[in-house]
Amino acid sequence: MTDDTTNQGIPEPEGESDIIETDYEIGQDNYEGSVGPIGFDIHNPVFVVSGATIVLFVFYALALPEHASTFFGWLRPAVTSSFDWFFFAAADIFVLFCLFLIVSPFGRVRLGGVDATPDYSYIGWFAMLFAAGMGIGLMFYGVSEPMSHYSTAFGGIATEDGVRTDWAPLGAAAGDQAAAVRLGMAATIFHWGLHPWAIYAIVALSLALFTYNKGLPLTIRSAFYPIFGERVWGWTGHIIDTLAVFATLFGLATSLGFGATQANAGLNELFGIPVGSTTEVILITAITAVALVSVVRGLDGGVKILSEINMGLAFVLLIFVLLVGPTMVVLTGFVDSLVAYIEYLPALANPFGREDVNFSQGWTAFYWAWWISWSPFVGMFIARVSRGRTVREFVICVLLIPSLVCVLWMSVFGGTAIQQVVVDGFTGAQDAALELKLFKMLGELPLASITSFVGIVLVVVFFVTSSDSGSLVIDTITAGGKVDAPVPQRVFWCIFEGAVAIVLLLGGGLAALQAMVISTGLPFTVVLLLMCWAIYKGLSTEAR
Amino acid sequence: MFTKIMVPVDLAHVASMTRATKVAADLALLYQAEACYVAVTAPTPGPTAHNPQEFAAKLEAFAQGEAASHGHRVSSHSLVSHDPAVDLDHDLLKAVKTIQADLVVMASHVPGVADYLFPSHGGKMAKHSDISVMIIRES
């Protein structure tokens, strides 16, 4: 399905834009042909190298599980504890750079040329970027994270040999319930607000700019043209694209594997469905099957529709919890959380001299590495659906609005759960395992069986929307930026992702490879910093 | 008998549809009809063009080239699709109505096993279009 407004032939030229003149032709390195009856159009060597590397790493994790577990188990915390200052400083730069773009004259530049019109309505666009960006995390952490920070902050500071051993943010709020709630909410919003969305916005904006305004292929390497010039079409670019495919596929597959485990626990709690690898494999297969239907139906007929259904359901659940929960307390808490976030932001974002090492390294640096390792996938997907927006509109909608929605979500779900502890003395959600916290909280509200079922559906559909958009992104990168590669190719990546998840789930290795993906956040942080410079340089030559 | 013949073309593979474009030109001359060359592009840069405007210009140039070779009346119509790999058939069916064509002439491959899973564009056009569709086998 196409956009009716742009479908009446191509009207007038869409205005001035600064095309980069390069001898490279999109698809020139591609192999086009067929294997038996199935056609393909793949980039050489990105498709084969990334596919082979993924298989190799899966084999490594299965053949040498202890080695993989020890090595990556060491690597991930080593990265986030040694380079925590770097992640902090870089993420702060991304936020500041995005805010600069909103207020600077660059904000007037339109993605796709000065007269381009948006491909999608606000609702469709917003639903897609949100569902791909962080949907599933909101389901699992919406209740658990505010409670966790509240509990540790309330518990106060603990030290051993002069080093803090508690997990409380900043200076904690020992024994002060109101202050602990404020600090807990501020710390949670910090992890789900401006910083992660700034990370996505940087990647998405650089790709959109170099694709729609500069005429380069929609693939990660294009953002590096100002830095590497024509070399991006050689091995430099091949490595960048392969790394992006690698991080995206393993990020999705390991999340799918863990998600199936979590969904299984939820189903067991709610319906008594047995916990075990059989149920988990069935869940992964079912999620992959729905994602498959979605990718075959395409961006408009599948991915967009599912994202909109997802956002609609999430909105209904949000409103329900808001209305039947402690409405006034939550609404007041929303404003209070927002104020607390702004108040604590400078201290929480401070890269240097932190005493709350467990919180800053174990939570924040971990989150920043996590968001950054996901940014090639989410950024590229956002770029694909953002043509026609001005830079100002783009940054406001990718940075500020999702941040506000996250504040609202956390305030409603986290705020309700905290109220259950503080006012009602109900500690069910507080004591439950991560995957059950949401359901325990919902269990204390009316119509629990219905809302819990909606919760399970949301968990599954959020996985599907990540899986289908991820498959489209990997397909585009491995086709050298072509978005019209034969459909069996996207089918292949979708099935491959499900298969990797099942193999790792059954054979072990999910944790090791997820730790590896998070470790890729470190090199990608450098990549994102370079992207900021590339965006600045790219925007400087655009008409505004 | 026919006044406007729609000729779907793939600008990246024009060499593989020479029989179809020749038949379309011959029919246009026979019935004094106009051949409208239709192509679909994504909003992203592709092998044929950097952007939809450049794509439209190239399609028009292709149409004029056909007119110069065969002497028939031509026009062009390009479409922008978010996901052309999937939406192509739908877009072409829509184009039939938009340009008010009364005949479609298009190239297609010899069907194989894969067509059971992913039917050819020509097959889908013939199945769903209200107007006559002439499929030309290129091989």
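In what follows, chains carry the letters A, B, and so on, assigned in the order in which the sequence lines appear, proteins first and then strands, with residues in each chain numbered from 1.
Of the charged side-chain nitrogens involved, at least one lies within less than 4.0 Å of a carboxylate oxygen, so that A/Lys214 and A/Glu542 count as a salt-bridged pair.
Here A/Phe210 and A/Tyr225 keep their ring centres 6.0 angstrom or further from each other.
Pairing each heavy atom of A/Val303 with each of A/Ser294, the nearest pair is N-OG, 3.3 Å.
In terms of heavy-atom pairs under 4.5 Å with chain A, the best-connected choice from B/Gly46, B/Ala42, B/Pro84, B/Ser76 is B/Gly46. Highest contact tally toward chain B, considering only A/Gln28, A/Glu32, A/Glu25, is held by A/Glu32 [criterion: heavy-atom pairs under 4.5 Å]. With chain B as partner, the option from A/Leu472, A/Val385, A/Val295, A/Leu216 having the largest number of non-hydrogen pairs under 4.5 angstrom is A/Leu216.
For a residue to count as touching a neighbouring chain, one of its non-hydrogen atoms must lie under 4.5 Å from one of that chain's; by this rule A/Ala485 touches chain B with the backbone only.
With A/Tyr122 as the aromatic partner, A/Arg389 meets the cation-pi criteria of under 6.0 angstrom to the ring centre and within 45 degrees of the ring axis.
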